[in-house]
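First comes the structure, then the notes that go with it.
Starting from 1, each residue takes its place in the sequence as its number.
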Amino acid sequence: LLYFGGSFQRIEEQAKSGELVTAPDSVTQRKRRPLLLERLLEGREWMMMTNYNTSLKNATTVKKSEEEEEGLTNLTKMLMTIAPSSSDSNSMSNEYKENYIKAYKRCQDKPGGAILGGRPNHRFEAYARAYAGCGSHTTLQYRWSYARMYESMAGKSHESDERYQTLYKERPQDVIGKTCRLEPLLGSRHAGELWEITSGNACNEHKAYNADEVWGFLDCGPFKNVKELQESQVFQLEHTAAGFAIVEFVTDRLVGVIHLSKDDPKNLNVQLDLPIVKPSSDGSMEQLEACFLLLDRLFAHGYRRVQICVDSLDVRGKRLPQRLGFTQEGQIPKHMIVKDANRDSIIYGMLNSDWDKGARSFLLKKLYGAAFEKADKAIVAKEEAVEEEQQQLREKKEAEAKASKKK
């Protein structure tokens with residue numbers, strides 16, 4: 001009985017009542033399952049309504065918009081950093097402004113570092129635009145963490161502050177990291193450079209190589225020219241997918257591209273595909289950080305599980321989910337037919353509980369250092385305490401207002 005979910009208290013109650021002490025049946029066990037957090041259910045409903053037209057039964061008949069033809073699916077747009085203003089809705093601009101002012105005041109009370117000479121507001125502005133850019137549908141913990149990381153990088157020097165301000169003006173929708181940034185994937189912008197670095201030809205300081213090192217385990221490529229690449233599934237995404245270009249932060253060179261596929265907001269699941277990068281960037285910090293930036297934002301939006309599906313023969317491909325802290329969940333024989341040949345797949349998974357309990361901290365330490373990871377924990381803990389105190393004050397004021405109205 002204990003194994004099936006009983007307790008000594010329940011056994012004692014049944015003994016007193018005279019009921020038969022039996023293990024609960026499967027239907028009873030099903031009813032006892034804990035319900036999801038309200039935040040997850042709200043996020044699920046919002047993503048389903050925002051990203052997909054649930055009234056359409058056959059998703060394959062959905063006609064793509066011009067933006068979707070260029071790769072900007074609804075999932076891509078959801079994960080992009082929110083720009084200060086939006087042509088789609090006036091409410092988005094108001095929402096951004098409200099979050100910006102709130103974050104600006106918060107950073108004024110507790111800036112994350114020393115103030116640069118001649119720029120008294122640079123840290124407040126950096127923190128506020130990063131916080132507001134995360135939107136209102138991500139967790140507060142994520143917004144605090146991402147904004148502090150952005151502020152610390154932007155506030156290092158006058159040069160870094162100017163660089164981040166320029167990026168904010170020219171490309172406010174990019175997701176910014178330490179070694180790379182994620183740009184929404186567009187064929188017109190990225191296809192040419194992606195073909196150059198993945199065609200196998202000598203490029204920049206890199207020697208020629210076999211293009212199958214990049215495309216051998218994928219269902220497409222190598223490509224003869226840029227047009228063929230741009231017309232492929234790398235850029236022509238399904239409506240349940242998203243695509244981002246990985247751009248090296250220092251040089252502004254393209255490292256590769258990263259995709260999400262099989263988005264299932266109803267069950268809060270999505271698949272992270274292996275990044276398509278040139279061989280010299282395989283296993284690099286840019287590749288690792290690109291995955292981290294996406295995973296962090298996905299879990300902040302409420303996803304409960306992210307999976308990676310790898311060819312069982314892809315030795316290099318299997319290293320990445322292990323480096324990210326994914327768990328190998330199983331192997332699917334005869335899973336796919338790739339380039340007219342059988343493919344067995346290995347499935348790796350990351351749960352939101354795994355992410356919160358240690359996987360995120362592990363990657364933070366690896367990417368940004370132990371000092372930053374320790375500071376991040378302290379910052380989030382302090383912000384949570386301040387938020388709880390402010391919430392109590394709001395509730396107290398509301399209660400006093402109601403009491404005064406009754407009088």
Is any NZ, NE, NH1 or NH2 atom of the basic residue among [X] and [Y] found under 4.0 Å from an Asp or Glu carboxylate oxygen of the other?
X: Glu151; Y: Arg123; answer: yes
X: Lys102; Y: Glu98; answer: no
X: Arg394; Y: Glu387; answer: yes
X: Arg171; Y: Asp174; answer: yes
X: Arg163; Y: Asp252; answer: yes
X: Glu400; Y: Lys402; answer: no
X: Arg189; Y: Glu183; answer: yes

- Task: Please test Gln271 against Leu260 for side-chain contact (heavy atoms from CB on, under 4.5 Å), starting from the C-alpha separation and ending with a verdict.
- Result: CA-CA 6 Å; Gln271 178 168 299; Leu260 296 168; over 6 Å; no

Heavy-atom side-chain proximity of [X] to [Y] below 4.5 angstrom:
X: Pro222; Y: Ser199; value: no
X: Leu274; Y: Val310; value: yes
X: Phe217; Y: Leu313; value: yes

Tell me whether the centres of the aromatic rings in [X] and [Y] are closer together than 6.0 Å.
X: Tyr164; Y: Phe249; answer: yes
X: Tyr52; Y: His239; answer: yes
X: Trp355; Y: Phe292; answer: yes
X: Tyr131; Y: Tyr104; answer: no

- Test salt bridge (Lys or Arg N to Asp or Glu O under 4.0 Å) on Glu196 and Arg253 and set out the steps. CA-CA 11 Å; Glu196 286 181 2; Arg253 289 180 180 175; over 6 Å; no

- Cation over ring face, Arg129 and Tyr100, 6.0 Å, 45°: no

- Flag for Gln141-Glu384: side-chain donor and acceptor within less than 3.5 Å: yes

- Task: Using salt bridge (Lys or Arg N to Asp or Glu O under 4.0 Å) as the criterion, point out the one residue from Lys169, Arg119, Lys156 that pairs with Glu162.
- Result: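 Option passing the salt bridge (Lys or Arg N to Asp or Glu O under 4.0 Å) with Glu162: Arg119.
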
Other residues, nucleotides, ligands: >12 heavy atoms within 6.0 Å of [X] [atom1]:
X: Lys382; atom1: NZ; answer: no
X: Glu45; atom1: CD; answer: no
X: Gln391; atom1: CD; answer: yes
X: Leu393; atom1: CG; answer: yes

- Query: Does the pair Arg360 and Asp296 meet the rule for a salt bridge (Lys or Arg N to Asp or Glu O under 4.0 Å), with working shown?
  - Reply: CA-CA 8 Å; Arg360 184 179 188 273; Asp296 208 20; 2.8 Å; yes

- Task: I would like to know whether Ile276 and Trp215 meet side-chain contact (heavy atoms from CB on, under 4.5 Å); could you show each step before the answer?
- Result: CA-CA 8 Å; Ile276 303 172; Trp215 304 103; 3.9 Å; yes

- Task: Would you please test Leu294 and Ile258 for side-chain contact (heavy atoms from CB on, under 4.5 Å) and show each step?
- Result: CA-CA 9 Å; Leu294 272 186; Ile258 185 169; 3.9 Å; yes

- Query: Does Ser281 reach the main-chain N or O of Ser284 with its side chain, forming a donor-acceptor pair under 3.5 Å?
  - Reply: no

- Task: Check for a donor-acceptor pair, side chain of Lys397 on one end and backbone N or O of Gln392 on the other, with a separation under 3.5 Å.
- Result: no

- Message: For Gly135 versus Asn99, what's the shortest heavy-atom pair and its separation?
- Response: C-ND2, 4.3 Å

